[in-house]
Amino acid sequence: MTNAPKRTTADLSAYPDLVVIYLGMRVEEPSGFETLQTLGPQIQAAVEEEPDGLLLHEQITFSDDPLHVGMRQYWRDFEALEAWSRTLPHKEWWTDYLRDRGGTSFWHETYFRRGGFETMYVDVDDPVGLARFAPSAAATGPMFSARQRRDADRSSAAAS
């Protein structure tokens with residue numbers, strides 16, 4: 001005789017504006033290993049400062065060959081995530097990264113409990129996630145900021 005499985009679910013009622021973001025960095029050139037070794041401890045230090053609104057941070061390995069690592073973060077709301085992304089050290093990391101990608105490619109996908117998605121792929125030639133089935137578009141003009149991409153997605157979904 002087997003026992004019935006114990007099934008549970010997460011009660012998210014206390015998190016109406018929950019945001020989940022996946023971030024990934026893939027080594028594209030040998031120098032990418034050094035980039036990961038530099039950023040890893042910096043990211044961990046930022047997480048240990050417990051930014052306002054960050055509920056959970058988890059590290060993920062997507063593949064070993066090529067090395068493709070990342071994280072999943074749960075934020076209380078988009079405002080907290082957006083506010084943190086505009087402060088140091090994140091603001092400096094992003095500015096420096098766009099100047100020199102250090103042999104890596106980078107991507108993130110953001111999912112909003114109240115609906116909508118937002119994505120960014122930088123030098124990702126071998127698509128991941130949503131980019132594996134959805135067509136890509138340049139992140140310029142109204143698609144330049146995460147907030148604008150989220151709002152455009154919500155509008156598009158509502159019109160369907």
Side-chain angles (χ1 to χ4, degrees), residues 16-40 42-44 46-47 51-160:
D17 298 311
L18 183 69
V19 175
V20 180
I21 183 168
Y22 281 80
L23 303 100
M25 186 171 275
R26 186 168 44 208
V27 172
E28 304 292 352
E29 301 170 8
S31 62
F33 290 104
E34 184 179 329
T35 300
L36 288 179
Q37 288 177 331
T38 300
L39 286 176
Q42 293 176 10
I43 292 168
Q44 187 59 40
V47 168
D52 180 49
L54 178 61
L55 303 171
L56 180 64
H57 169 90
E58 300 173 313
Q59 296 182 11
I60 300 171
T61 300
F62 295 104
S63 71
D64 291 323
D65 188 22
L67 184 58
H68 183 183
V69 297
M71 63 198 86
R72 175 177 50 216
Q73 294 181 334
Y74 297 85
W75 288 82
R76 177 187 62 233
D77 53 46
F78 183 65
E79 289 68 25
L81 169 57
E82 186 178 48
W84 182 81
S85 73
R86 292 182 177 177
T87 64
L88 296 175
H90 181 274
K91 184 177 179 179
E92 184 177 325
W93 293 337
W94 187 241
T95 301
D96 290 348
Y97 184 77
L98 292 178
R99 205 175 296 124
D100 178 6
R101 273 127 357 255
T104 66
S105 59
F106 171 82
W107 61 273
H108 77 244
E109 295 181 347
T110 314
Y111 311 94
F112 302 89
R113 181 161 186 228
R114 291 197 185 265
F117 299 93
E118 178 277 318
T119 64
M120 175 58 58
Y121 308 96
V122 179
D123 291 341
V124 178
D125 294 328
D126 187 16
V128 298
L130 296 169
R132 290 188 64 182
F133 61 86
S136 64
T140 59
M143 298 301 279
F144 190 72
S145 80
R147 180 175 290 277
Q148 290 171 315
R149 289 188 301 272
R150 178 205 62 184
D151 292 348
D153 182 68
R154 284 182 175 171
S155 294
S156 173
S160 296

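The structure displayed is predicted, hence computed values, not measured ones.
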Chemist: Quick one: ring-ring contact (aromatic ring centres under 6.0 Å, His included) partners of Y121, sequence neighbours excluded?
Modeler: none

Chemist: Work out which heavy atom in H90 is nearest to a heavy atom in S85; give both atom names and the distance.
Modeler: ND1-O, 2.7 Å

Chemist: Between A46 and P51, which heavy-atom pair has the shortest distance, and what is it?
Modeler: O-CD, 3.5 Å

Chemist: Could you give the distance from CG (D123) to CE (M25), rounded to the nearest 0.5 Å?
Modeler: 10.5 Å

Chemist: Might you point out which heavy atoms bring V27 and P66 nearest each other, and give the distance in Å?
Modeler: O-CB, 3.7 Å

Chemist: Among residues two or more places apart or on two chains, list those pairs meeting salt bridge (Lys or Arg N to Asp or Glu O under 4.0 Å) that have a residue in residues 55-67.
Modeler: E58-R72

Chemist: CG of L67 to OG1 of T61: how many Å apart, nearest 0.5 Å?
Modeler: 7.0 Å

Chemist: Just grab all the side chain to side chain donor-acceptor pair (under 3.5 Å) pairs involving residues 131-150, residues at least two apart or on different chains.
Modeler: E82-R147, E118-R149, S145-Q148

Chemist: Distance from D126 atom CG to S63 atom OG, nearest 0.5 Å?
Modeler: 9.0 Å

Chemist: Where do R101 and V122 land on the side-chain contact (heavy atoms from CB on, under 4.5 Å) test, with the steps shown first?
Modeler: CA-CA 9 Å; R101 273 127 357 255; V122 179; 3.6 Å; yes

Chemist: At their closest point, which heavy atom of L39 faces which heavy atom of W93, and how far apart are they?
Modeler: CD2-CD1, 4.3 Å

Chemist: Mind checking what makes ring-ring contact (aromatic ring centres under 6.0 Å, His included) contact with F62, not counting sequence neighbours?
Modeler: H68, W107

Chemist: Can you label the angle between the W84 ring and the W75 ring as parallel, tilted or perpendicular, going by 30° and 60°?
Modeler: tilted

Chemist: Side-chain contact test, heavy atoms from C-beta onward, threshold under 4.5 Å: evaluate it for T110 versus M120 and give yes or no.
Modeler: no

Chemist: Can you give me the closest heavy-atom contact between G53 and A80, atom names plus distance?
Modeler: CA-CB, 3.8 Å

Chemist: To the nearest 0.5 Å, what is the distance between OG1 on T38 and CG on D96?
Modeler: 11.5 Å

Chemist: Looking only at non-hydrogen atoms, find the nearest pair between P127 and D125 and report the distance.
Modeler: CD-O, 3.3 Å

Chemist: Test I21 against every option in Q73, M71, E109 by the side-chain contact (heavy atoms from CB on, under 4.5 Å) rule and name the one that passes.
Modeler: Q73

Chemist: To the nearest 0.5 Å, what is the distance between OH on Y111 and CG on D153?
Modeler: 11.5 Å

Chemist: More than 12 foreign heavy atoms under 6.0 Å from CD of E34: is that the case here?
Modeler: no

Chemist: If we count only N and O atoms by modelled type, under 3.5 Å, do the side chains of Y97 and T35 hold a donor and an acceptor together?
Modeler: no

Chemist: Could you check if a side-chain atom of L55 sits within less than 4.5 angstrom of a side-chain atom of L18, using non-hydrogen atoms only?
Modeler: yes

Chemist: Using a 3.5 Å distance criterion without hydrogens, assess whether the side chain of S156 forms a donor-acceptor pair with backbone atoms of A152.
Modeler: no

Chemist: What distance do L23 atom CG and Q59 atom CD have between them, rounded to the nearest 0.5 Å?
Modeler: 12.0 Å

Chemist: Among all residues two or more places apart in sequence or in another chain, which pass the side chain to side chain donor-acceptor pair (under 3.5 Å) test with R114?
Modeler: D17

Chemist: Mind checking ring-ring contact (aromatic ring centres under 6.0 Å, His included) for W94 and listing every partner two or more places apart, or none if nothing turns up?
Modeler: F106

